[in-house]
Amino acid sequence: FAKELETSDSAVVRNNVMVILCDLCVRYTSVVDRYVPLMASRIVKDPSELVRRQTVIMLGRLLQEKYLKWRSSIYDKFIIALADDSERIRQLAQYCMLNSCIHS
């Protein structure tokens with residue numbers, strides 16, 4: 001079902017898949033680990049602001065709670081999100097990155 005992130009035309013479906021993958025990451029991090037780059041790519045590739053915003057929030061939470069580590073596949077997407085068209089996404093990405101630096 002993870003490929004629905006790339007193939008589905010519905011923002012609701014893509015958002016729900018992202019929520020499921022992030023929830024699975026809490027319980028089964030090693031199983032979801034191979035999908036993390038795909039999940040992070042939604043921060044910059046998804047046409048829906050809702051999906052991009054939710055992805056930043058959920059991945060930021062997983063990073064803060066140490067379920068994920070800052071890798072280049074995630075870090076690069078957060079850096080790109082700092083230049084997103086949406087101010088809300090820029091602010092969220094900045095908050096997640098600064099919060100992680102402070103609490104590391």
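Shown here for Val56 and Cys96, the closest heavy-atom pair between the two residues is O-SG, 3.9 Å. A pairwise comparison of heavy atoms in Val17 and Ala2 identifies CG1-CA, 4.2 Å as the closest pair.
Residues passing the salt bridge (charged side-chain N to carboxylate O under 4.0 Å, His left out) test with Asp84 are Arg52, sequence neighbours excluded. Taking the side-chain hydrogen bond (donor to acceptor under 3.5 Å, both in side chains) definition, one finds that Gln91 meets it with Glu87, sequence neighbours left out. For the side-chain hydrogen bond (donor to acceptor under 3.5 Å, both in side chains) test, residues two or more places apart in sequence or in another chain that qualify with Glu49 are Ser86. In this view, Ile20 and Phe1, Leu24 satisfy the side chain to side chain contact (heavy atoms under 4.5 Å, CB included) rule, not counting sequence neighbours. For Arg71, the side-chain hydrogen bond (donor to acceptor under 3.5 Å, both in side chains) criterion is met by Asp33, not counting sequence neighbours. Legend: residues meeting salt bridge (charged side-chain N to carboxylate O under 4.0 Å, His left out) with Glu65, ordered by chain and number and at least two apart, are Arg61. For Leu50, the side chain to side chain contact (heavy atoms under 4.5 Å, CB included) partners at least two apart in sequence or on another chain are Ser48, Arg53, Gln54.
Linking ILVMFWY side-chain heavy atoms closer than 4.5 Å, directly or via other members, places Val31 and Val36 in a single hydrophobic cluster. Note on Tyr95 and Ile43: separate hydrophobic clusters, where clusters join Ile, Leu, Val, Met, Phe, Trp and Tyr whose side-chain heavy atoms are under 4.5 Å apart, directly or indirectly. Hydrophobic clustering, with ILVMFWY side chains joined whenever heavy atoms are under 4.5 angstrom apart, groups Met39 together with Ile80.
Atom CZ in Phe78 sits 11.0 Å away from atom CD1 in Ile89 (nearest 0.5 Å). To the nearest 0.5 angstrom, Ile57 atom CD1 is 5.0 Å from Leu92 atom CG. Expressed to the nearest 0.5 Å, how far CG of Leu59 lies from CD1 of Ile74 amounts to 6.0 Å. Tyr35 OH to Leu21 CG: the interatomic distance, rounded to the nearest 0.5 Å, is 8.0 Å.
With contacts defined as side-chain heavy-atom distances shorter than 4.5 Å, the pair Met18/Leu5 qualifies. Side-chain contact check for Leu68 versus Cys25: some heavy-atom pair is nearer than 4.5 Å. Between Met58 and Asp23, the closest side-chain pair of non-hydrogen atoms is not below 4.5 Å. Proximity of Lys77 to Val44: side-chain heavy atoms (C-beta onward) are separated by under 4.5 Å at one or more points. Residues Asn99 and Gln64 meet the side-chain proximity criterion, which asks for heavy atoms closer than 4.5 Å. Ile79 places a side-chain heavy atom less than 4.5 Å from the side chain of Met97.
Listed by first then second residue, pairs satisfying side chain to side chain donor-acceptor pair (under 3.5 Å) with a partner in residues 1-18 read Arg14-Asp46, not counting sequence neighbours.
Although no hydrogens or angles enter the test, the distance criterion places a donor-acceptor pair under 3.5 Å between the side chain of Arg90 and the main chain of Asp85.
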